[in-house]
Amino acid sequence: MGSDSEKIPCLQFSGDFKEGSEEWKKMSKKVREVCERHGCFMLINDMVLPKGLRDDMIVCMKELFDLPEETKRKHVSPKPYRSYNCDCSLVTMCQSFGIDDAPFSPSVHAFSNLIETLKSTSSKMQELSFMILKMILEGYCLPKQYTWDIEEMNSSCNLRLIKYRVPESGQVCENALLPHTDKSALTILCENEVQGLQVLTKTNKWIPIKIPHQGFVVLVGDILQAWSNRSIHAATHRVMMKGEKERYSFALFSVPKEEAKIEVPHELVEDKMHPLRYKPFNYGDYFNYYVSTLKENALDLFAGV
Ligand SMILES: O=C(O)CCC(=O)C(=O)O
Ligand SMILES: [Fe+2]
């Protein structure tokens, strides 16, 4: 277990929480601080994401994963991480669906029944992701012109639905999903009642994330780490499975368009204390580099100064 200073904080966005209000500004500082320190935080938010959404999504996901294998395999895309995936060599404990930007074009007929829930969930999550990115701008007191950068970072989204198997009797599987950082700007993730997500602290300890009921976890991805000149930290995470219940999780990855250029704002560079850590790069090139190498430190190798 981590010490108190390593506990992942849980923030609550509720009440009179208007953009630009004193409360919003105060919370923005906190968001920046926790993203710098932990690269993730738990979130309770009943303004943007209505209560009950998690339960609706889990019901939808169960229906989807219960379909015959041959039906699920029809969900294919030429893009990496966008097809139905089952027991591949890296992740032997889970099945997953990657679904591209709304409006979705379902390749499986069964998706049609779920499409409304998937669509409204992902657009709400993308809205929330934009709000968090705006808070990060505010947290750094950056000029409004950078709103364009964060709009760009949030301009596409990819929804991933995952079902984790129960391990063989009584066993613990530490790497049901292998340690990684997300290649997104920001990830918002929710699960059924079966916990399992773990985050690696800066002191190299794995700590469990206990997502509150009806809550979410927000994870910083590589793109935000690069854009912030490594002030913000992309959290390495994995999934551990134990016990007797299947785990379901769904995550929205906010990503730039492939042609987007990621460039550190000059306000975040300072010769002595914060020299430039990443050269400007193209998101699509970085993503292709990662997919072809699968290197853990892909970002530093690809764009590090
Ligand atoms: O299922 C989870 O909790 C984690 C999923 C995840 O990290 C991912 O899909 O990138
Ligand atoms: Fe992840």
Side-chain angles (χ1 to χ4, degrees), residues 8 35 38-43 54 57-58 60-62 64-65 75 77 79-100 118 121-122 125 129 156-167 172-201 206-225 232-243 245-255 286-287 290-291 294-299:
I8 306 300
C35 288
H38 304 284
C40 67
F41 60 93
M42 260 97 64
L43 176 64
R54 181 196 87 146
M57 271 298 285
I58 301 294
C60 274
M61 287 173 66
K62 286 188 175 157
L64 191 62
F65 283 107
H75 180 66
S77 161
K79 289 197 196 162
Y81 307 114
R82 306 304 204 265
S83 303
Y84 170 65
N85 240 303
C86 176
D87 288 353
C88 71
S89 57
L90 287 178
V91 279
T92 54
M93 293 288 296
C94 61
Q95 309 171 12
S96 68
F97 283 96
I99 304 166
D100 242 336
L118 292 179
T121 304
S122 74
M125 286 169 102
S129 169
S156 295
C157 66
N158 174 226
L159 192 63
R160 188 174 302 154
L161 316 175
I162 310 185
K163 175 184 178 181
Y164 295 86
R165 266 198 283 119
V166 173
V172 174
C173 178
E174 281 194 336
N175 286 325
L177 190 66
L178 289 171
H180 64 281
T181 56
D182 291 341
K183 307 302 149 212
S184 53
L186 214 59
T187 304
I188 301 183
L189 184 137
C190 191
E191 61 183 13
N192 67 340
E193 69 285 4
V194 181
Q195 310 271 349
L197 183 63
Q198 298 188 334
V199 167
L200 191 63
T201 64
W206 285 108
I207 54 169
I209 298 278
K210 291 211 173 105
I211 306 180
H213 184 67
Q214 302 291 3
F216 297 81
V217 61
V218 178
L219 293 151
V220 170
D222 284 1
I223 297 308
L224 201 51
Q225 171 169 313
I232 293 185
H233 156 76
T236 299
H237 52 284
R238 68 177 183 184
V239 173
M240 189 193 77
M241 277 299 288
K242 61 177 187 196
K245 277 184 148 180
E246 286 155 341
R247 177 168 195 272
Y248 290 85
S249 70
F250 59 94
L252 182 105
F253 301 88
S254 296
V255 292
Y286 170 56
F287 189 70
Y290 171 71
V291 171
L294 294 178
K295 291 222 157 86
E296 243 177 76
N297 54 345
L299 181 63

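Whatever order the structure lists ligands and atoms in, that order sets their numbers, starting from 1.
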*Asks:* Decide whether R238 and Q198 meet the rule of one side-chain donor and one side-chain acceptor closer than 3.5 Å.
*Replies:* yes
*Asks:* Closer than 3.5 angstrom, by distance alone: can the side chain of S83 be matched with the main-chain N or O of S77 as a donor-acceptor pair?
*Replies:* yes
*Asks:* What is the number of protein N, O or S atoms that sit under 2.8 Å away from the Fe ion (ligand 2)?
*Replies:* 3
*Asks:* Can you name the closest pair of heavy atoms from L178 and H180 and give their distance?
*Replies:* O-ND1, 2.8 Å
*Asks:* Any idea which residues sit under 4.0 Å from ligand 1, heavy-atom distances?
*Replies:* R160, I162, Y164, L177, H180, D182, L189, L197, H237, V239, R247, S249, F253
*Asks:* Between G98 and H75, which heavy-atom pair has the shortest distance, and what is it?
*Replies:* O-NE2, 2.8 Å
*Asks:* Might you point out which heavy atoms bring L161 and F65 nearest each other, and give the distance in Å?
*Replies:* O-CZ, 3.4 Å
*Asks:* Quick check against the 3.5 Å criterion: does N158 have a side-chain atom that pairs as donor or acceptor with the backbone of I99?
*Replies:* yes
*Asks:* Tell me which one of C35, S184, C40 satisfies side-chain contact (heavy atoms from CB on, under 4.5 Å) with L219.
*Replies:* C40
*Asks:* Compute whether any side-chain donor of one residue and acceptor of the other, for Y286 and D222, lie under 3.5 angstrom apart.
*Replies:* yes
*Asks:* Determine the minimum heavy-atom distance between A251 and T187, stating which atoms define it.
*Replies:* CB-CG2, 4.0 Å
